[in-house]
Amino acid sequence: MTTAKKTTAARQGFKTGEAIVYPAHGVGRITAIEEQEIAGYKLELFVVSFEKDKMVLRVPTAKANAVGMRKLAEPELVKKALDVLTGRARVKRTMWSRRAQEYEAKINSGDLIAVTEVVRDLYRSEAQPEQSYSERQLYEAALDRVVREIAAVNRITDTESLKLIEQSLAKSPRRTKSADAEGESDAEDMQDEAEAA
C-alpha cells in the first residue's frame, strides 16, 4: 500500500484545511487529500482529523457524499438549531430501548437539527429527576456534537458554544421548578389526547 500526497487541494466541493461534519464522529478537519494504491487500484482519500478524539479518518473522495460527510451548517441553520432548544421536549411514550435507538440514529445522522432535538428531549434541569446512565451517555454525545459544530460555525470556543446552548435550553417552557410540577400533568394530558385521537 503506497501513499502519495496529492497536489490538488479540493475534491467533491471539499478542500484541504476545511472543517467538515462526518455523521458518526462530528466535526473534523480535512488535513490532506491523498492517493493510495490498494490491491492495484488507486484510491483518492480525504484525510480527516478529529483533534478532540485524537483520531484520523480516511474517506474515499468518491464516497464522501454517500457516507453523509458535509460542510458545516450555515449560520441561519445554527440559529434555527438554537431555537429548537427553546421548544418543549417531545418524548414519545415508547420503551426506552426503542427511543434510545431513535436518539442514536439521530445523533449518527449528522443532521444538526436532529442532533439538537436529542439534546432538547434528553436535557434535565436541576429541578428535574436525574437521568439513567444510558440517557446521560446519549445526551452527552448529542451535546458534544452540537457544541462542536456551533463553535466551529461561530468561530468561538466550545465553552462559549455550551453557554449559548444552555441559554437556549433555559428558555424552554418546562425549565422552571413550578413548571416541572405541572409537567407531569402535561404528560398525562398529552397521553389522554393521543388515546382520544
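This chain uses plain numbering: 1 for the first residue, then up along the sequence.
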May I have the list of side-chain donor-acceptor pairs in residues 77-84 shorter than 3.5 Å, sequence neighbours left out?
none

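- Residues meeting the salt bridge (charged side-chain N to carboxylate O under 4.0 Å, His left out) test with E140, sequence neighbours left out: R136.
- The ring pair (Phe, Tyr, Trp, His ring centres under 6.0 Å) pairs that include a residue from residues 15-40 are Y22-H25, H25-F50, where partners are two or more places apart or lie in different chains.
- A salt bridge links K52 with D144: the closest approach of a Lys/Arg side-chain nitrogen to an acidic carboxylate oxygen falls below 4.0 angstrom.
- Checking side-chain atoms of D158 against main-chain N and O of R148 turns up no donor-acceptor pair under 3.5 Å.
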Show which side-chain atoms of residues 64-71 pair as donor or acceptor with protein atoms under 3.5 Å away, not counting sequence neighbours.
{"from": "R70", "atom 1": "NE", "to": "G110", "atom 2": "O", "distance (Å)": "2.9"}
{"from": "R70", "atom 1": "NH1", "to": "E149", "atom 2": "OE2", "distance (Å)": "2.8"}
{"from": "R70", "atom 1": "NH2", "to": "G110", "atom 2": "O", "distance (Å)": "2.6"}
{"from": "R70", "atom 1": "NH2", "to": "E149", "atom 2": "OE1", "distance (Å)": "2.9"}
{"from": "R70", "atom 1": "NH2", "to": "E149", "atom 2": "OE2", "distance (Å)": "3.3"}
{"from": "K71", "atom 1": "NZ", "to": "G13", "atom 2": "O", "distance (Å)": "2.6"}
{"from": "K71", "atom 1": "NZ", "to": "E18", "atom 2": "OE1", "distance (Å)": "3.4"}
{"from": "K71", "atom 1": "NZ", "to": "E18", "atom 2": "OE2", "distance (Å)": "2.6"}

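- Considering all non-hydrogen atoms of both residues, A152 and V27 come closest at CB-CG1, 4.2 Å.
- With sequence neighbours left out, E102 forms a salt bridge (charged side-chain N to carboxylate O under 4.0 Å, His left out) with K92.
- Note: Y139 and Y123 have tilted aromatic rings, judged against thresholds of 30 and 60 degrees for the angle between ring planes.
- Using a 4.5 Å heavy-atom threshold, the side chains of N154 and L164 count as touching.
- Within the 4.5 Å cutoff, the side chain of Y103 has no heavy atoms near those of the E135 side chain.
- Judged as a side-chain contact (heavy atoms from CB on, under 4.5 Å), and not counting sequence neighbours, P23 has no contacts.
- For residues 110-119, every residue pair satisfying the side chain to side chain donor-acceptor pair (under 3.5 Å) rule, not counting sequence neighbours, is listed here: K106-E117.
- For the pair F46 and I20, the minimum side-chain heavy-atom distance is 4.5 Å or more.
- In this structure, K54 has no salt bridge (charged side-chain N to carboxylate O under 4.0 Å, His left out) partners at least two apart in sequence or on a different chain.
- The side chain to side chain donor-acceptor pair (under 3.5 Å) pairs that include a residue from residues 159-169 are T157-E160, where partners are two or more places apart or lie in different chains.
- Take E104 and apply the side-chain contact (heavy atoms from CB on, under 4.5 Å) test, not counting sequence neighbours, and it matches N108, L138.
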